[in-house]
Amino acid sequence: MGDKDFFERVWEVVRAIPPGRVTTYGAIARYLGSPRAARLVGYALNASHSAYPPVPAHRVVNRLGYLTGKFHFPSPTTMQERLESEGIQVQHDRIQHFEAHFWDPVAHLPWPEVFFSRSCTEQPPL
DNA sequence: TTTTTGACGATTC
DNA sequence: AGAATCGCCAAAA
C-alpha cells in the first residue's frame with residue numbers, strides 16, 4: 001500500500017471527512033497506525049495548502065474541539081466560517097456539540113490497507 | 001547525517 | 001482544576 005508518504009495519507013483521510021463532520025489530529029494518527037503522531041498530522045495539514053485535490057483541513061480540530069489551526073488559514077476567521085457554512089456552530093474557537101459532529105476514521109473508513117489501495121480494477125493481486 | 005520543527009495529547013505539578 | 005512540561009516522529013533544512 002505504501003507508495004504514499006505519511007503526509008499524503010493524512011490528506012487522503014481528511015478528504016474523506018464528510019461535510020458537516022469533524023475529526024481530530026489524534027484520531028487520524030490512530031487510524032494511520034501511529035497513535036503518537038498527532039503532531040505530525042498537524043504538520044501534514046500545514047503542508048496541505050497547495051495539495052490537489054483540495055484538503056478540507058478546517059474539518060480537523062484538536063481533541064477538545066478547539067480550532068487550534070485557525071491561524072494557518074487565509075484569514076484567522078476562515079476556518080470558523082467554513083465550519084459554520086457546513087452547519088457547525090463555533091463559539092470562542094470551540095465547536096459546539098463536538099461529540100455529535102465527531103467523525104472517527106477508525107470507525108467509518110475501511111482498513112487502511114484497503115483504503116489506500118488503488119481501485120481494484122487496476123490493482124493486480126500481488 | 002544530524003538538527004530543528006511543530007495546526008497534539010498525556011502526564012505532572 | 002488549570003498551567004507547565006514531556007514524548008512523540010516524519011519532513012525539511
Side-chain angles (χ1 to χ4, degrees):
Chain A
M1 75 169 164
D3 67 328
K4 295 188 168 190
D5 64 19
F6 187 84
F7 280 25
E8 289 183 32
R9 289 162 51 157
V10 169
W11 301 345
E12 282 297 308
V13 174
V14 175
R15 289 183 186 117
I17 306 172
R21 307 297 297 280
V22 294
T23 194
T24 68
Y25 304 96
I28 293 172
R30 284 194 297 278
Y31 174 73
L32 293 178
S34 302
R36 310 282 105 128
R39 296 184 79 170
L40 269 296
V41 173
Y43 203 39
L45 291 182
N46 194 33
S48 74
H49 292 153
S50 58
Y52 188 85
V55 178
H58 60 282
R59 295 180 193 142
V60 185
V61 297
N62 81 352
R63 76 179 175 118
L64 299 178
Y66 284 97
L67 281 51
T68 49
K70 59 183 278 192
F71 292 111
H72 297 268
F73 287 81
S75 119
T77 58
T78 301
M79 187 176 188
Q80 175 169 345
E81 289 164 359
R82 288 180 181 170
L83 286 170
E84 290 176 334
S85 77
E86 296 181 356
I88 294 178
Q89 301 178 345
V90 178
Q91 285 179 19
H92 299 108
D93 293 336
R94 188 176 194 187
I95 290 180
Q96 306 301 295
H97 310 102
F98 177 55
E99 278 292 318
H101 294 289
F102 179 65
W103 181 88
D104 188 354
V106 175
H108 293 90
L109 250 32
W111 200 250
E113 185 172 342
V114 174
F115 181 65
F116 290 114
S117 67
R118 304 186 178 279
S119 67
C120 302
T121 57
E122 66 182 27
Q123 186 64 237
L126 182 56

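Source: prediction; values computed, not measured. Protein chains get the first letters and strands the later ones, always in sequence-line order, with residue 1 at the start of each.
- Under the 4.5 Å side-chain heavy-atom criterion for Ile, Leu, Val, Met, Phe, Trp and Tyr, A/V14 and A/Y66 are members of distinct hydrophobic clusters.
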Taking only nitrogen or oxygen atoms into account, show me every contact under 3.5 Å that the protein makes with nucleotides 5-7 of chain C, one pair per line with its distance.
| from | atom 1 | to | atom 2 | distance (Å) |
| --- | --- | --- | --- | --- |
| C/dG7 | O6 | A/R39 | NH1 | 2.7 |

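- Environment of CD in A/E81: crowded, with over 12 heavy atoms of neighbouring residues, nucleotides or ligands closer than 6.0 Å.
- For DNA chain C, none of the residues of residues 54-86 of chain A falls under the heavy-atom distance limit of 4.0 Å.
- The CG atom of A/L109 sits 4.0 Å away from the OH atom of A/Y31 when rounded to the nearest 0.5 Å.
- The hydrophobic cluster containing A/V55 does not contain A/V61, counting ILVMFWY residues as joined when their side-chain heavy atoms lie under 4.5 angstrom apart, directly or transitively.
- For A/F73, there are no ring-ring contact (aromatic ring centres under 6.0 Å, His included) partners at least two apart in sequence or on another chain.
- Residues A/D104 and A/T23 approach most closely at CA-OG1, 4.4 Å, considering heavy atoms.
- Distance alone, capped at 3.5 Å, places no donor-acceptor pair between the A/H72 side chain and the A/H49 backbone.
- Partners of A/R15 according to the salt bridge (Lys or Arg N to Asp or Glu O under 4.0 Å) rule, which considers only residues two or more places apart in sequence or in another chain, are A/E12.
- Here the side chains of A/V41 and A/V13 are not in contact, with every heavy-atom distance at 4.5 Å or above.
- Looking at DNA chain B, the stems built from 3 or more consecutive Watson-Crick or G-U wobble pairs, each pair with its key distances under 3.5 Å, are B:2-6 with C:9-13, B:8-13 with C:2-7.
- A/F98 is not connected to A/V60 by any chain of hydrophobic side-chain contacts under 4.5 Å among Ile, Leu, Val, Met, Phe, Trp and Tyr, and they are in different clusters.
- Of all the heavy atoms in A/P74 and A/R82, the pair that sits closest is CG-NH2, 4.5 Å.
- Judged by distance alone, with hydrogens and angles left aside, the side-chain atoms of A/S34 form no donor-acceptor pair with the main-chain N or O of A/A29 at under 3.5 Å.
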Quick one: which protein N/O atoms are closer than 3.5 Å to N/O atoms of nucleotides 10-13 of chain C? Pair and distance per line, please.
| from | atom 1 | to | atom 2 | distance (Å) |
| --- | --- | --- | --- | --- |
| C/dA11 | OP1 | A/F6 | N | 3.2 |

